[in-house]
Amino acid sequence: ILMDKYHPGYFGKVGMRHFHVLGNRSYTPTINIDKLFNVAGEGVYEAAKNGGGKAPVIDLVQLGYFKLLGNGQITVPVIVKAKYFSKLAESKIKAAGGACLLTA
């Protein structure tokens, strides 16, 4: 009576086994457009604003973010490298004259 309550672990293995667990399948740190220049560092926004036809490149994977989301405004052209882009983020960057590059 109440063997498992007073003697937990007495009956050995319980539950299901995961034969091939693939961890971190959904690891996707995200960032919004409005925080893009805060993360990129100093001078990137000024370089984009008065670049004279040359847009700066922001590599989000190198900065620790995999996905760019579309919250916020962007008015200057930049080239953004990331693993994933939302549709809204991609349309806003292209409307500002920039480009979205997918990286592996």
Side-chain angles (χ1 to χ4, degrees):
I1 297 177
L2 299 174
M3 194 65 182
D4 204 35
K5 180 177 178 183
Y6 294 111
H7 306 286
Y10 180 80
F11 288 114
K13 295 177 182 156
V14 180
M16 292 178 277
R17 293 173 56 199
H18 297 285
F19 287 107
H20 191 66
V21 177
L22 296 170
N24 291 337
R25 269 327 230 338
S26 61
Y27 179 73
T28 309
T30 59
I31 188 171
N32 280 305
I33 284 180
D34 55 357
K35 302 277 192 246
L36 191 63
F37 292 109
N38 296 352
V39 172
E42 294 182 27
V44 177
Y45 182 74
E46 287 76 20
K49 195 161 54 170
N50 47 30
K54 292 190 74 173
V57 179
I58 301 172
D59 191 356
L60 289 179
V61 177
Q62 196 174 25
L63 296 170
Y65 297 97
F66 288 178
K67 185 171 186 173
L68 182 66
L69 303 177
N71 188 18
Q73 274 81 35
I74 186 166
T75 56
V76 294
V78 289
I79 299 169
V80 182
K81 291 182 177 181
K83 289 187 177 189
Y84 309 104
F85 292 93
S86 67
K87 289 179 189 175
L88 189 61
E90 194 168 358
S91 64
K92 284 183 181 181
I93 289 173
K94 288 184 179 176
C100 302
L101 298 178
L102 295 172
T103 60

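Values below: all heavy atoms of this structure, side chains included; hydrogens, waters and symmetry mates excluded. Note that the structure is predicted; figures quoted are calculated from it, not measured.
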> Taking atom CG of Leu36 and atom CG of Leu69, what is their separation to the nearest 0.5 Å?
Replying inline: 11.5 Å
> CG/Asn38 to CG/Asn32 distance, rounded to the nearest 0.5 angstrom?
Replying inline: 11.5 Å
> Just how far is it from atom CD1 of Ile74 to atom CD1 of Ile33, taken to the nearest 0.5 Å?
Replying inline: 5.5 Å
>> Using the rule that Ile, Leu, Val, Met, Phe, Trp and Tyr join whenever any side-chain heavy atoms are under 4.5 Å apart, tell me whether Leu101 and Val57 fall into a single cluster.
In response: yes
>> For a 4.5 angstrom cut-off between non-hydrogen side-chain atoms, does Ile79 reach Ile93?
In response: no
> Can you name the one residue among Ile58, Val39, Asp59, Thr30 that meets side chain to side chain contact (heavy atoms under 4.5 Å, CB included) with Tyr65?
Replying inline: Val39
> Are the side chain of Lys35 and the backbone N or O of Gly72 linked by a donor-acceptor pair below 3.5 Å?
Replying inline: no
> Rounded to the nearest 0.5 Å, what separation is found between the CE atom of Met16 and the NE2 atom of His18?
Replying inline: 6.5 Å
>> Restricting to salt bridge (charged side-chain N to carboxylate O under 4.0 Å, His left out), what partner residues turn up for Lys67, sequence neighbours left out?
In response: none
>> So which atom in Pro77 and which in Ala48 form the shortest heavy-atom distance, rounded to 0.1 Å?
In response: O-CB, 3.7 Å
> To the nearest 0.5 Å, what is the distance between OH (Tyr84) and CD (Glu90)?
Replying inline: 14.5 Å
>> For the NZ atom of Lys83 and the OG1 atom of Thr28, what is their distance to the nearest 0.5 Å?
In response: 8.0 Å
> Taking a hydrophobic cluster as the set of Ile, Leu, Val, Met, Phe, Trp and Tyr residues connected by side-chain heavy atoms closer than 4.5 Å, whether directly or through intermediates, do Leu102 and Leu68 fall within one such cluster?
Replying inline: yes
> Taking only residues at least two apart or on different chains, which pairs with a member in residues 23-52 satisfy ring-ring contact (aromatic ring centres under 6.0 Å, His included)?
Replying inline: Tyr27-Phe66, Phe37-Tyr45
> Given side chains that start at C-beta, do those of Ile31 and Leu60 come closer than 4.5 Å, heavy atoms only?
Replying inline: yes
>> Side chains of Val61 and Lys81, heavy atoms from C-beta outward: is any pair under 4.5 Å?
In response: no
